[in-house]
Structure formats: C-alpha cells, structure tokens
Amino acid sequence: MFITVVQLGGFIAFALGMYSMITVFSTALPQDGGEMELEMTDPVVIPLHLAPANQGYLEARLSVSISLVGDGEVLASSSKQVDVPPRSQIPVDLELSLPLSTAEQYLQEGADVEWVTDIEVSSLYDLISFSNTITMPGGG
C-alpha cells in the first residue's frame with residue numbers, strides 16, 4: 001500500500017512539474033514578432049523583452065541565452081536565469097551590445113547572421129528539465 005501511495009504521489013508531482021515547465025517554455029520567446037527599432041549609437045544596444053508565465057502549480061526555473069552569431073563567431077550575447085513562481089508572470093529584459101562598426105556590417109538586409117536562443121526550463125527542484133536551442137536567420 002505504501003509503495004502505491006509513493007508511486008501515485010511521484011506521478012502527480014511529475015505531471016504538475018511538466019505542466020509548469022510547458023507553460024513557461026511556451027511563453028519564453030518574444031510573442032510580438034515585429035521589427036526592432038535600433039538606435040545606431042556606439043555601442044548599439046539591442047533590447048529584448050520576454051514575459052514567461054507559469055500557469056502551473058509548481059515553481060519553474062527559466063534559463064535563457066540569446067546570441068547574435070555572424071561568420072561563425074558570437075558577436076553579442078546575453079543571458080538570464082529567473083525563477084517563475086506558480087500562477088505568475090515575470091518580466092525578463094535582455095540586452096545585446098555590439099560596436100557600431102560591427103552592427104553596420106551585420107545588421108543590414110541580407111547579412112549572414114543568425115540568432116541563437118538556448119532555453120532551459122526545470123521544475124520539481126531541478127529533478128525534471130527540458131532544454132532547446134533555436135536558430136533563426138537574422139539579417140536586417
């Protein structure tokens with residue numbers, strides 16, 4: 001009987017943790033999909049705003065890293081880690097900074113650059129986790 005209760009409790013905890021992770025992951029990327037307005041100052045600062053929401057019943061930890069990669073090298077990178085309590089939304093602001101000359105070379109239409117986003121979400125005291133790397137073309 002005791003083993004059945006422990007197994008049932010473990011299954012319920014796993015299901016609640018998975019639900020929290022899925023809701024945080026699905027809201028961890030920018031949803032606007034619009035154009036970024038950049039001021040061409042030195043250095044050029046690229047602001048990114050995320051608003052991960054946890055609709056679950058357990059806390060989830062989000063680690064996100066965004067990089068601008070050109071010609072095989074990282075031009076700018078920013079990362080953050082936040083704990084998202086259950087039934088809440090946490091704003092996350094990231095800033096990528098790069099020299100004006102680099103921005104003029106790589107942030108133009110048709111430039112050979114990529115945005116690389118690494119996302120990891122964990123829950124249930126880091127006993128369960130999920131990670132994904134998303135690469136998108138990004139000139140202009």
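- Atom CD1 of I119 sits about 12.5 Å away from atom OG of S79, to the nearest 0.5 Å.
- Heavy-atom minimum distance, A60 versus V121: CB-CG1, 4.3 Å.
- Interatomic distance, CG of L58 versus CE of M21, reported as 11.0 Å (0.5 Å rounding).
- With hydrogens and angles ignored, the 3.5 Å screen pairs a side-chain donor or acceptor of Q89 with a backbone N or O of A51.
- With no hydrogens or angles considered, a side-chain donor-acceptor pair links S77 and S67 at under 3.5 Å.
- The shortest non-hydrogen separation linking V84 to A53 is CG1-C, 4.4 Å.
- With hydrophobic clusters built from ILVMFWY side chains whose heavy atoms lie under 4.5 angstrom apart, L124 does not share a cluster with V6.
- Q55 places a side-chain heavy atom less than 4.5 Å from the side chain of R87.
- Between L62 and the options V82, D83, I90, T27, a side chain to side chain contact (heavy atoms under 4.5 Å, CB included) holds for only V82.
- Linking ILVMFWY residues whenever their side-chain heavy atoms come closer than 4.5 Å, directly or via other members, leaves F11 and Y125 in distinct clusters.
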Q. When you look at L75 and E73, which way does the side-chain contact (heavy atoms from CB on, under 4.5 Å) test go after all the steps?
A. CA-CA 6 Å; L75 305 172; E73 75 176 71; 4.1 Å; yes
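- At least one donor-acceptor pair under 3.5 Å links the side chain of S123 to the backbone N or O of E59.
- Separation of atoms OG (S65) and CG (D118) is listed at 5.0 Å; rounding is to 0.5 Å.
- What you find for P137 and W115 is that their closest heavy atoms are O-CD1, 4.3 Å.
- D42 places a side-chain N or O within donor-acceptor distance of the main-chain N or O of L100, the cut-off being under 3.5 Å.
- L94 and V113 fall within a single hydrophobic cluster, where Ile, Leu, Val, Met, Phe, Trp and Tyr are joined by side-chain heavy atoms under 4.5 Å apart, directly or via other members.
- Between F14 atom CZ and L127 atom CG the span is 11.0 Å, to the nearest 0.5 Å.
- Residues L98 and I46 are in side-chain contact: their nearest non-hydrogen atoms beyond the backbone lie under 4.5 Å apart.
- With 3.5 Å as the limit, one finds no donor-acceptor pair spanning the side chains of S88 and N54.
- Within the model, atoms OH of Y106 and CG of L68 stand 9.5 Å from one another, a figure rounded to the nearest 0.5 Å.
- Placement of L16 and M18 within a single hydrophobic cluster is found when ILVMFWY residues are connected by side-chain heavy-atom separations under 4.5 Å, directly or transitively.
- To the nearest 0.5 Å, atoms OG (S20) and CZ (F25) are separated by 15.0 Å.
- Under the 4.5 Å side-chain heavy-atom criterion for Ile, Leu, Val, Met, Phe, Trp and Tyr, F130 and V24 are members of the same hydrophobic cluster.
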